[in-house]
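Heads up: the structure comes next, in structure tokens.
Both ligands and their constituent atoms are indexed starting at 1 by order of listing.
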Amino acid sequence: MAGLYVGLISGTSMDGIDAALVRLESSRFELIDALCVPYAPALAEHLRRVVASGSDLTIESLAQLDVALGEAFARAALTLLERTRRTPGEIVAIGSHGQTVRHRPALDPPFTLQLGDANVIAARTGITTVADFRRRDIALGGQGAPLAPVFHAAVLADPSEYRVVANIGGIANLTLLRADATLTGFDTGPGNALMDAWIRAHRGDPYDRDGAWAGSGRVIEPLLSAMLADPWLSQPPPKSTGVEHFNLRWLETHSPPVATLEPADVAATLCELTARTMVQSLREHASGCERLLVCGGGAHNGTLMRRLAALLPGVVVQSTADAGLHPDWVEASAFAWLAAQTLAGRPGNDPAVTGARRASVLGAIFPA
Ligand SMILES: Nc1ncnc2c1ncn2[C@@H]1O[C@H](COP(=O)(O)OP(=O)(O)O)[C@@H](O)[C@H]1O
Ligand SMILES: [Mg+2]
């Protein structure tokens with residue numbers, strides 16, 4: 001249905017909830033406004049513990065976290081409506097991704113788990129909410145991720161050139177927008193998550209602004225090579241991963257031991273790891289790419305952007321802003337767009353991206 005939609009997501013960086021207000025009209029897409037509501041420090045800390053935890057988690061705490069996140073997502077949507085002077089009655093629907101706390105597409109049986117109770121979001125906002133987008137794709141044998149490529153194809157493709165969209169969130173993924181319109185997309189490995197965890201542990205900062213710290217260090221080649229040998233990285237797509245794989249524990253399994261190294265050099269090496277894994281995937285699966293459009297928080301990391309450009313001679317490396325969409329709001333916009341797909345009874349996944357047996361309408365509808 002044409003009209004205004006709100007998209008909500010918090011990615012694997014767990015930096016906060018992105019909320020985007022968009023207008024959708026048949027094939028037209030317009031981003032009207034967007035904001036990020038950082039998680040309250042206690043909630044962020046709780047989330048990091050849950051994401052890192054083994055079996056010490058109780059059902060009570062998980063269920064309560066689901067509700068608390070639903071409240072936080074609802075508040076983010078309401079804050080955006082207040083700022084844009086819109087009333088809930090003007091919004092067709094919210095598309096809420098929720099917060100991933102576990103993504104295990106390779107387990108048997110596979111699963112992915114996003115929290116942020118959509119019942120709470122619909123009740124607090126009075127807006128029909130579409131949520132739980134990923135599990136239908138998993139039920140059809142897919143990875144459940146990435147889901148944004150179908151949206152990227154709808155709004156960022158250009159039939160006159162071969163573009164790739166690189167979303168650098170906690171995890172990085174690529175969407176290959178070939179000029180002949182065949183679509184693929186997959187995760188390439190770590191995005192910002194390892195860099196964030198490292199600077200948090202060593203300097204107490206949430207992230208390395210502009211990649212300045214990484215830029216001050218020296219890449220440790222043996223550590224980089226050891227990390228690049230991780231078998232997941234050479235697996236062919238479709239594939240997806242999460243911070244349950246690429247985390248500080250994973251970093252510590254490699255040699256030379258990070259505890260013996262200069263922290264700034266490890267930061268440089270982690271930044272290089274993100275660039276190199278992305279470039280390796282591009283070389284293997286996207287030869288002929290003319291333009292790399294970067295979105296997600298990684299687009300603000302100057303060191304990373306410079307390394308991508310240096311490793312990709314002949315490819316124009318720029319932010320999605322240069323294609324008309326601010327890099328911070330691409331993912332939230334995608335879930336607003338996916339909500340509209342669901343309400344229209346149109347598929348949201350692409351089997352060529354996720355490996356699902358077929359395309360499917362995604363998610364569940366929680367009426368206003
Ligand atoms: N100015 C900046 N300089 C360097 N990195 C940044 C900057 N702004 C954001 N980031 C990185 O982007 C991350 C957030 O990116 P985001 O796309 O929201 O990821 P996710 O989808 O996983 O939440 C931050 O945790 C940080 O690592
Ligand atoms: Mg984020």
Are Glu161 and Arg291 ion-paired here, with the side-chain N under 4.0 Å from a carboxylate O? yes
Which option, Trp329, Trp213, Tyr207, owns the non-hydrogen atom nearest atom 8 (N) of ligand 1? Tyr207
Are any of the N or O atoms of Gly296 closer than 3.5 Å to those of ligand 1? no
What about Ile171: any of its N or O atoms under 3.5 Å from an N or O on ligand 1? no
Can a salt bridge be assigned to the pair Arg134 and Asp137 using a cut-off of 4.0 Å between side-chain N and carboxylate O? no
Just by modelled atom types, is the Ser240 backbone N or O under 3.5 Å from a matching donor or acceptor in the Gln143 side chain? yes
For atom 21 (O) of ligand 1, what's the nearest protein heavy-atom neighbour? Residue, atom name and distance, please. Gly11 CA, 3.5 Å
Taken to the nearest 0.5 Å, the spacing of Leu304 CG from Asn192 CG works out to 7.0 Å
Which bit of Asp208 is near ligand 1, meaning a heavy atom under 4.0 Å away: side chain, backbone, both or neither? backbone
Any idea which protein heavy atom is nearest atom 1 (N) of ligand 1, and the distance to it? His300 CB, 3.4 Å
Under 4.0 Å between a Lys/Arg side-chain N and an Asp/Glu carboxylate O for Arg307 and Glu272? yes
Is a salt bridge present between Arg124 and Glu71, judged by a nitrogen-to-oxygen distance below 4.0 Å? yes
Exercise: do Ser10 and Gln99 side chains pair donor with acceptor under 3.5 Å: yes
To which protein heavy atom is atom 10 (N) of ligand 1 closest, and what is the distance rounded to 0.1 Å? Gly297 O, 3.4 Å
Run Phe335 and Tyr5 through ring-ring contact (aromatic ring centres under 6.0 Å, His included) and show every step you take. CA-CA 9 Å; Phe335 284 90; Tyr5 288 79; over 10 Å; no
Do any nitrogen or oxygen atoms of Asp196 come within less than 3.5 Å of a nitrogen or oxygen of ligand 1? yes
Determine yes or no for a side-chain-to-main-chain donor-acceptor pair under 3.5 angstrom, with Asp187 supplying the side chain and Asn173 the backbone. no
For the Mg ion (ligand 2), check which protein N, O or S atoms are under 2.8 Å away and list them. Asp15 OD1
Any atoms of ligand 1 less than 4.0 Å from a non-hydrogen atom of Gly170? List them with their elements. 19 (O), 20 (P), 22 (O)
Asp210, portion touching ligand 1 at heavy-atom distance under 4.0 Å: backbone
Would Arg83 and Asp33 pass as an ion pair if we require N to O under 4.0 Å? yes
Spell out, as yes or no, whether a donor-acceptor pair under 3.5 Å connects the side chain of Thr112 to the backbone of His103. no
Could you check whether any side-chain N or O of Ser96 sits under 3.5 Å from a backbone N or O of Ala131, counting only pairs where one atom can act as donor and the other as acceptor? no
Look only at interatomic distance and state if Ser13 has a nitrogen or oxygen under 3.5 Å from any nitrogen or oxygen of ligand 1. yes
Please tabulate, for side-chain N and O atoms in residues 210-224, each donor-acceptor pair with protein atoms closer than 3.5 Å (sequence neighbours left out).
unit_1	atom_1	unit_2	atom_2	d
Asp210	OD1	Gly302	N	2.9
Ser216	OG	Trp213	O	2.6

Enumerate the atoms of ligand 1 whose separation from the nearest heavy atom of Thr12 is less than 4.0 angstrom. 20 (P), 22 (O)
Would Glu331 count as a contact residue for ligand 1, given that I'm defining contact as a non-hydrogen atom of the residue lying under 4.0 Å from a ligand atom? no
Return the closest protein heavy atom for atom 18 (O) of ligand 1 as residue, atom name and distance. Asp15 OD2, 3.2 Å
